[in-house]
Amino acid sequence: MLTPWEHRFAQRTQRMTSSAIRELLKLTERPDIISFGGGMPAPEVFPIEEFAAACQKVLRDQGPQSLQYGPTDGYLPLRELIARHTGRYGIEVTPENILITSGSQQALDLLGKILINPGDRILVESPTYLGALQAWSAYGAEYVTVRMDKNGMITEEMEAALRSGPKFIYVLPNFQNPTGVTLAQERRMQLIELADQYGVPIVEDDPYGQLRYEGEHLTSVVVMDGQFRDNCSVCYRGNVIYLSTFSKILAPGLRLAWVIAPPEVIRKMVQAKQGADLHTSSFNQLVAYEVARGGFLDRHIKVIRSVYRERRDTMLAAMDGFFPPEVDWTHPEGGLFLWGTLPESMRSADVLKAAIEQKVAFVPGESFYPTGGGHNTMRLNFSNATPEKIMEGISRLGRVLYEKMGEPAGVRK
Ligand SMILES: Cc1ncc(COP(=O)(O)O)c(C=O)c1O
């Protein structure tokens, strides 16, 4: 029986479901559970003192401005700082190319609002970021998928999906959420060429690109696209909409992120954002600017890299020691996640139930597959728990896996 309220909800809400991740995050609030579930930064790296000093300074020097309504496209000095910061990663843009959003999640939603008509297809990697699927399904999106291997989306298999006429391509080239895999440089070029050939734009979602723990930085798709088009002007006018965020390099509670796109896309997103929240919090933007300026952001990113590198290495070593040899996992060069694959006969959702009894959690991979599959996969976050908790949690998970496989724990073949 539907309640009267359920009769009133708009049709688009029928495809809105609770995210498995959000449900799982509830568990992480229980202090006895070691959770590799969410995508949360390490609380130990939050620059709390710097924020306290910045809040005081902003209130003292710019009190009324920080508490007043502000422009929809964002606080200009922050947009200029982003232009300088991304310039060092090769992304040459002007503030005209930049929109500040309330998290990248809002940017994904605004893109849905301005680009997706009901029934439009989006070309996505399989698996892909669940939050994007949630945002776009509400606008009636359908998905065409391209498989991934250890070098990211298999661009050699993209043409079939492109022939179905997708509205845009959604790609996470660096340390992808959920798999931790990075799109190889030559595949980035192939992606740009195919997108150009079929006249399909690319949405590049890059929350983790600056969190690399080994290997060389790979050129962003937006930069390669600018070079491909011989875009000599500083104002970017190419085929890529690029998203990044302060969530993983400062603090996710700020809800501060940015979009880089051709000016006409930014202008349309600004109109869409006005209807959503008028603008992102003035106070948060001014405080973030105060914290980030003067080189602090770069120094802080180095600290985060060294903390997360240790946690990644701890998790990889613990999995080597405690996981059954039948389990495979990725070796991410950066980011927050790694991806495990169990034997075909196993369901990671069943493993999770048993794991929770042993007070350890992860996210079953199934929900990251927009068109089904991945029943035997799992996403593990390594940024949030301390190395000691990672060792303990992985050893518990190893015991659960051996039990599920009917083998005595610790018997490595
Ligand atoms: C790929 C991807 N895109 C977007 C987001 C949303 O980030 P934000 O906190 O900026 O909304 C996340 C968060 O984990 C993510 O992994």
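For the numbers below, each heavy atom of this structure counts, side chains included, while hydrogens, waters and symmetry mates do not. Start at 1 and go down the list; that is how both ligands and their atoms are numbered.
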### Query
Out of R312, R305, R309, which residue meets the salt bridge (Lys or Arg N to Asp or Glu O under 4.0 Å) rule with E214?
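Result for salt bridge (Lys or Arg N to Asp or Glu O under 4.0 Å) with E214: R312.
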### Task
List for me each residue that meets side chain to side chain contact (heavy atoms under 4.5 Å, CB included) alongside E216, sequence neighbours excluded, and say none if there are none.
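Not a single residue meets the side chain to side chain contact (heavy atoms under 4.5 Å, CB included) criterion with E216.
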### Query
Where do R79 and D73 land on the salt bridge (Lys or Arg N to Asp or Glu O under 4.0 Å) test, with the steps shown first?
CA-CA 9 Å; R79 286 159 63 221; D73 48 7; 3.6 Å; yes
### Query
Residues two or more places apart in sequence or in another chain: which of them pass side-chain hydrogen bond (donor to acceptor under 3.5 Å, both in side chains) with N376?
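With neighbours one apart ignored, the set is empty.
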### Message
Show me the pairs that pass salt bridge (charged side-chain N to carboxylate O under 4.0 Å, His left out) and involve residues 269-286, at least two apart or across chains.
### Response
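Pairs touching residues 269-286 that pass the test: K273-D277.
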### Message
Using a 6.0 Å distance limit plus a 45 degree cone around the ring axis, check whether R311 lies over the aromatic ring of F382.
### Response
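Geometry flag: not set, cation outside 6.0 Å or 45°.
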Output, or 'none' if empty, a list of ligand 1-protein atom pairs in which both atoms are N or O and the distance is under 3.5 Å, rounded to 0.1 Å.
unit_1	atom_1	unit_2	atom_2	d
ligand 1	3 (N)	D205	OD1	3.4
ligand 1	3 (N)	D205	OD2	2.7
ligand 1	9 (O)	S247	OG	2.6
ligand 1	9 (O)	R255	NH1	2.9
ligand 1	10 (O)	S104	N	2.7
ligand 1	10 (O)	T245	OG1	2.7
ligand 1	10 (O)	S247	OG	3.3
ligand 1	11 (O)	S104	N	3.1
ligand 1	11 (O)	Q105	N	3.0
ligand 1	11 (O)	R255	NH2	2.7
ligand 1	14 (O)	Y208	OH	3.3
ligand 1	14 (O)	K248	NZ	3.0
ligand 1	16 (O)	N177	ND2	2.8
ligand 1	16 (O)	Y208	OH	2.5

